[in-house]
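This report refers to the structure that appears directly beneath it.
Just so it is clear, the structure is predicted and the values come from calculations on it, not from any experiment. Scope of the values below: all heavy atoms of this structure, side chains included, with no hydrogens, waters or symmetry mates. Lettering follows sequence order; numbering is per chain, from 1.
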Protein chains: 2
Amino acid sequence: MPSEGGARSATLSDVARRAGVSIATASKALNGRDDVAPATRRRVVEAADELSFTPNAMARGLLAGRTGTVGLLTSDLEGRFMLPILMGAEDAFGAGQVNVFLCDARGDAIREQHHLKALLSRRVDGIIVVGRQTDPRPSLGQEMPVPVVYAYAPSDDPRDLSLTPDNYAGGRMAIEHLIGCGRTRIAHITGDPAYAAAQDRLAGARAALDAAGLELVGEAMFSEWSEHWGRDAAAMLLQRHPDVDAIFCGSDQIARGVLDTARDLGRSVPDDLAVIGYDNWEVLSTNSRPQLTSIDANLQQLGRQAAQRVFDAIDGVDIGEGTHHLPVRLVIRGSTIPRR
Amino acid sequence: MPSEGGARSATLSDVARRAGVSIATASKALNGRDDVAPATRRRVVEAADELSFTPNAMARGLLAGRTGTVGLLTSDLEGRFMLPILMGAEDAFGAGQVNVFLCDARGDAIREQHHLKALLSRRVDGIIVVGRQTDPRPSLGQEMPVPVVYAYAPSDDPRDLSLTPDNYAGGRMAIEHLIGCGRTRIAHITGDPAYAAAQDRLAGARAALDAAGLELVGEAMFSEWSEHWGRDAAAMLLQRHPDVDAIFCGSDQIARGVLDTARDLGRSVPDDLAVIGYDNWEVLSTNSRPQLTSIDANLQQLGRQAAQRVFDAIDGVDIGEGTHHLPVRLVIRGSTIPRR
DNA sequence: CTGTTAGCGCGTTCAG
DNA sequence: CTGAACGCGCTAACAG
């Protein structure tokens with residue numbers, strides 16, 4: 001019978017009895033209140049140790065009105081963007097005294113409602129809602145008994161607080177980098193046009209091109225966020241516009257495909273053709289030849305900030321509202337800058 | 001002040017007062033006990049609805065002695081293997097009435113101890129410990145007040161129950177498939193030799209080769225689990241042993257590198273050279289040219305099973321002990337079988 | 001300094 | 001059928 005060795009956890013009254021004091025005294029002794037004799041405290045602490053006493057957080061929470069837990073409501077754990085956010089949040093909370101309830105709704109609204117109910121019944125002190133895309137998602141409503149922060153996917157209600165990466169700035173940043181590298185004939189291969197991410201990045205890219213008096217070479221190419229599409233699109237592009245000198249890709253996966261085709265067609269990267277990806281998914285971006293310059297959305301930081309906001313809200317601080325677009329950053333590697 | 005609209009959650013006594021009954025009656029009405037008049041029940045349910053009453057799970061748990069929560073203690077969320085396991089477990093639990101506390105120890109023993117304490121103080125009904133490698137990890141000990149199941153990384157104490165993928169069988173399966181494809185000159189490129197996974201897979205491979213009266217071409221090549229190493233190793237291998245007709249790779253990343261080099265050197269896959277990966281990481285395995293045959297460890301299922309074991313243990317069922325090696329499966333794609 | 005008392009929100013006896 | 005009373009484990013007021 002594995003993992004059943006220990007008896008049921010000791011209670012405070014067990015400790016008190018063993019130390020020969022009252023329950024209240026034991027409580028004070030263990031919680032570091034200063035109105036208890038040193039000798040008594042030692043006895044109590046010893047007894048607690050011997051029984052490996054662990055205070056019951058539920059009983060404590062019942063009194064305090066706070067549970068020291070928050071809910072992390074994700075719509076789809078599978079998504080690559082979920083994990084860093086989740087890590088950031090878990091990290092920020094774990095450092096304090098709060099624990100995280102993880103709920104995966106699997107993209108199903110019913111299940112989400114179910115999980116939400118469960119979280120509320122567990123009296124979480126706050127909730128972070130993490131969506132899988134940057135498209136706005138339905139708000140949980142304004143009648144929540146606890147603070148809610150939306151991460152990655154913003155809420156569609158501006159009265160909610162949402163934290164989402166700044167894809168527009170990312171698109172701009174990518175183009176500005178390419179221009180800074182002396183490129184002027186820039187094309188764009190990206191994913192599903194139904195994604196706000198695709199549109200926002202493109203808009204940012206257009207803005208940067210405009211500002212430099214340039215235009216995209218050909219139309220922006222939309223399809224899916226895959227390496228295969230990157231390969232096919234690049235082949236089409238390079239045939240129709242052999243004179244492009246840079247390609248801004250909507251994802252690292254697409255960029256990997258583009259690199260592949262460039263190699264097949266004998267185009268040298270970055271000298272002859274610069275390629276920039278998006279997401280900075282290191283498994284892909286650091287293992288390509290050459291390594292991939294990319295835009296990093298700082299997702300872990302986003303998760304951390306979401307956690308911090310929830311913290312603040314719990315402490316009664318006004319955390320504001322609206323959708324905040326968090327800064328992204330450029331990670332430069334060999335696909336845009338020749339290594340010396 | 002977003003997400004603060006609702007007042008504090010209603011309590012059962014609020015509901016009772018509004019319905020004009022006693023707390024006890026309200027409780028019975030809401031919990032479907034049959035000793036309450038239909039009319040009364042309706043009044044109570046209505047009142048509960050209007051106040052959007054949600055029972056306090058803590059108070060309930062205090063009485064029941066069970067919390068309906070389990071702890072998921074991971075050593076490193078970043079790991080690719082964590083996520084499917086976590087999903088499987090969350091899935092299995094989410095279907096029932098239990099919620100999951102997620103704790104990431106970041107590979108730090110101190111932090112793990114800290115989180116463990118937190119979980120126990122929250123009186124989780126059970127714990128799943130998920131490690132990032134298949135090498136045995138230190139046991140949490142036999143004195144746990146709740147059942148513990150180890151997933152992926154087995155415990156080093158045979159009295160614990162551990163669920164881990166069968167890497168030996170995976171290695172065997174890979175080789176048997178290659179032999180089944182008519183290959184006889186098989187080489188092995190894998191990752192860090194310090195990983196049990198690398199050793200176990202190799203052992204399984206050797207067993208399968210033995211059984212067929214074959215030997216590995218050259219020595220097994222160890223280094224890191226990266227695409228770069230796959231490329232470099234393949235180049236060395238193909239130069240030294242141009243006659244190899246198949247390569248068993250210790251990971252899909254390595255296999256991607258191998259495919260890359262094969263293409264550079266004009267070796268056609270799978271006709272001239274069959275390549276098989278490991279992990280079935282779909283982003284990599286389905287986006288290569290040709291797509292990658294691989295071994296899938298069924299991690300999501302592993303997570304689900306771990307959850308099921310914890311469930312059983314909570315219900316008092318004896319879940320056994322020892323390290324169980326769960327079956328893996330072969331996923332055949334174009335890198336070993338020519339598409340017709 | 002220590003012990004007694006009173007709840008936190010709920011489910012469960014057991015009398016009415 | 002309904003309600004009053006008790007207790008889950010703990011902390012915060014008070015008394016002693």
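- Between chain A and DNA chain D, the heavy-atom contact criterion of under 4.0 Å yields a 5' to 3' nucleotide range of D/dG9 to D/dA13.
- Residue B/L12 is classed as a sugar-phosphate contact, given heavy-atom separations below 4.0 Å to backbone atoms only.
- A/A37 comes within 4.0 angstrom of the backbone, heavy atoms only, and of no base.
- Ionic pairing of B/D104 and B/R106 is present here: one or more N-O contacts between side-chain nitrogen and carboxylate oxygen are shorter than 4.0 angstrom.
- No hydrogens or angles considered: nothing links the side chains of A/D156 and A/S139 as a donor-acceptor pair under 3.5 Å.
- OP1 or OP2 of C/dG11 sits under 4.0 Å from a side-chain N or O of B/S27.
- Residue contacts for B/R123: at a heavy-atom cut-off of 4.0 Å it reaches no nucleic acid atom on any strand shown.
- Residue contacts shown for A/T11 are limited to sugar-phosphate atoms, with no base heavy atom under 4.0 Å away.
- Within the nucleic acid shown, A/R66 has no heavy atom closer than 4.0 Å to any nucleic acid atom.
- Atom-to-atom, CG of A/L62 to C1' of C/dG11 comes out at 13 Å; the value is rounded to the nearest Å.
- Spacing between atom CD1 of B/I23 and atom P of C/dG7 amounts to 13 Å, rounded to whole angstrom units.
- Distance B/N31 CG to C/dC10 P: 10 Å, rounded to the nearest Å.
- Here C/dG11 presents its C1' atom at 9 Å from CZ of B/R60, a figure rounded to the nearest Å.
- Looking at A/D91 and A/R304, a side-chain N of the basic residue comes within less than 4.0 Å of a carboxylate O on the acidic one, giving a salt bridge.
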Criterion side chain to side chain donor-acceptor pair (under 3.5 Å) on B/D160 and B/Q142, from CA distance to verdict = CA-CA 8 Å; B/D160 293 323; B/Q142 302 303 307; 2.9 Å; yes

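- Position along DNA chain C of the nearest nucleotide to B/R33 versus B/M58 favours B/M58 as the more 5'-ward residue.
- Under a 3.5 Å cut-off, the side chain of A/N56 and the backbone N or O of A/A59 do form a donor-acceptor pair.
- What separates CG of A/N56 from P of C/dG9 is a distance of 16 Å, to the nearest Å.
- Looking at B/S162 and B/T164, their side chains never bring a donor and an acceptor atom within 3.5 Å of each other.
- Salt bridge annotation for A/R137-A/E112: present, with a cationic side-chain nitrogen under 4.0 angstrom from a carboxylate oxygen.
- Residue B/L63 contributes atom CG, which lies 5 Å from atom C1' of C/dG11 at whole-angstrom precision.
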